[in-house]
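Reading through the structure tokens given below for one structure.
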Protein chains: 2
Amino acid sequence: MDIAHRTTDQQKSAEQRRRELLEAADRVVLRDGPKASMNAIAAEAGITKPILYRHFGDKGGLYRALATRHTDALLASLRAALDAPADRRRRVESTLDTYLASIEAMPQVYRFLMHPAEETHQAEQGFDVGRHSAPLLRRMGEELGQVIAERVDLGPAAEAQARIWGHGIVGMMHAAGDWWLGERPCSRAELVRALADLLWGRLAEADDRADGPGF
Amino acid sequence: MDIAHRTTDQQKSAEQRRRELLEAADRVVLRDGPKASMNAIAAEAGITKPILYRHFGDKGGLYRALATRHTDALLASLRAALDAPADRRRRVESTLDTYLASIEAMPQVYRFLMHPAEETHQAEQGFDVGRHSAPLLRRMGEELGQVIAERVDLGPAAEAQARIWGHGIVGMMHAAGDWWLGERPCSRAELVRALADLLWGRLAEADDRADGPGF
DNA sequence: ACTGGGTGTTACCGCAAGTAACGTACTGCT
DNA sequence: AGCAGTACGTTACTTGCGGTAACACCCAGT
């Protein structure tokens with residue numbers, strides 16, 4: 001039917017338009033940070049506000065679309081490092097390094113992904129705490145948990161354990177990376193090595209200090 | 001001098017007032033989340049906006065004051081667990097459990113601390129990335145790093161290593177806790193155990209799965 | 001009595017999110 | 001040709017919040 005054709009055509013051009021809008025939004029957000037106003041984004045795209053709202057609903061929708069784009073990209077490169085054919089230690093180090101290199105190369109993107117302006121929406125008065133934290137961390141945690149569950153032989157309760165570890169390791173990587181990016185206390189390689197050592201149980205192996213405090 | 005007396009009296013009552021205001025703000029923020037408006041907080045305190053601004057400068061100042069209060073409280077209880085006279089594994093588990101119990105008991109406080117509304121201020125166009133992430137995490141990371149440096153005998157470059165580990169472990173705890181608080185996939189004790197196991201190197205020890213993907 | 005610094009108020013500004021109402025061009029149907 | 005629908009686009013508005021200016025009161029000390 002022609003109607004079907006028309007709608008598909010329109011959908012296609014709508015998607016095209018959406019992509020253009022997202023790219024404009026990207027430029028503005030990367031330039032101005034998350035405080036970028038809808039007006040500014042619309043201006044950058046050469047249009048006016050209501051069109052943005054027609055496409056993305058509200059500011060949260062636009063930001064979610066943007067975040068998804070970048071998140072997908074980052075996750076793809078992480079997956080590559082994670083799936084490389086190498087021993088586990090090397091895979092871990094390579095994944096850590098990939099992540100750190102990414103946030104080092106695009107700090108503005110990183111900042112946007114990790115600290116997207118809070119949803120100012122009403123509703124959800126209840127106990128949905130935590131639902132607002134950066135979705136990127138959640139996705140990375142779940143993904144890593146799956147990889148661990150697939151590749152590592154944990155005993156019973158393996159899946160629960162794997163998911164916990166996935167989120168934990170991602171959190172470790174994130175917090176250490178965030179701090180490192182701010183203070184730059186050491187090289188990337190040193191950071192990678194220290195984190196991998198931590199995961200490799202060196203905290204458990206190390207002795208107490210002889211000159212400990214008191215006892 | 002009387003003038004001195006007066007000023008001290010006034011300072012004291014000013015501090016008193018400040019505390020009252022903070023408590024009112026606390027109630028509102030815990031009820032409405034970080035979207036609580038200055039008007040609402042002022043109303044809860046029985047006064048009007050400009051007074052809040054006289055005391056705290058701007059919204060960021062108020063939120064910083066609030067956050068400092070809660071952060072201090074949480075850090076104190078963590079320090080207790082961290083400094084208990086027990087072996088390392090037990091201390092780690094007890095610290096994890098203390099943290100998780102806290103965020104479980106006061107999810108609203110937790111949410112406020114971890115996702116304080118972004119500074120909408122201009123300025124700081126530069127590369128101060130990461131400076132905005134929840135200061136609680138930074139403080140916890142630094143503190144833990146110090147404890148590790150004091151108590152654990154790492155080789156050379158011990159301090160750098162300890163700080164990295166401090167931030168990494170705190171991040172692990174935070175991310176896992178955030179996820180756990182949202183989905184409640186297991187009991188607190190199980191989570192504590194799994195995380196401690198992770199830190200104890202069980203990821204390195206475990207074998208590859210026999211039925212791995214492909215190879 | 002008057003001045004100074006504290007407390008408090010009302011009324012306003014600027015700005016950003018989001019919406020309503022309206023106009024326009026293209027496309028298919030009759 | 002003419003009509004209806006629909007997406008594209010605009011201007012102009014409302015609402016709500018952060019923040020401030022201007023003014024009023026009270027109460028010490030000179």
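Throughout, a chain's letter reflects where its sequence line sits, starting with A, and its residues are numbered from 1.
One interatomic measurement links the two molecules: CD1 of B:I41 to P of D:dC17, which rounds to 12 Å at whole-angstrom precision. B:Y63 has its OH atom 11 Å from the C1' atom of D:dC17, to the nearest Å. Counting to the nearest Å, the C1' atom of D:dG18 and the NZ atom of A:K35 are 16 Å from each other. Remark: P of C:dC22 and CD1 of A:I51 are 19 Å apart, rounded to the nearest angstrom. Rounded to a whole Å, the CG atom of B:L52 is 14 Å from the C1' atom of D:dC17. Summarising the geometry, the separation between CZ on A:F56 and C1' on C:dG18 is reported as 16 Å, rounded to the nearest angstrom. Rounded to whole angstrom, the span from the CD atom of B:E20 across to the P atom of C:dT7 amounts to 12 Å. A:N39 has its CG atom 14 Å from the P atom of D:dA12, to the nearest Å.
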Return the polar atom pairs (N/O with N/O) between nucleotides 20-25 of chain D and the protein under 3.5 Å, or none.
none

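More than 12 heavy atoms of other shown residues, nucleotides or ligands fall within 6.0 angstrom of atom CZ in B:R88.
Regarding contacts with the backbone of D:dT10, a side-chain N or O of A:T48 is found under 4.0 angstrom from either OP1 or OP2.
In this structure, B:F56 has its ring center no closer than 6.0 Å to that of B:Y63.
Between A:H167 and B:W179, the ring planes are parallel. Angles under 30° get that label, and only those over 60° would be called perpendicular.
Shown here for A:A81 and A:T98, the closest heavy-atom pair between the two residues is CB-OG1, 3.6 Å.
Geometric assessment of B:R184 against the ring of B:W180 yields a positive cation-pi assignment under the 6.0 Å and 45° thresholds.
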_salt bridge (charged side-chain N to carboxylate O under 4.0 Å, His left out) assessment of B:R138 paired with B:E142_ = CA-CA 6 Å; B:R138 293 299 180 91; B:E142 285 297 320; over 6 Å; no
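Proximity note for B:S37 (side chain, C-beta onward) versus D:dG19, C:dA16, D:dG18: the nearest is D:dG18.
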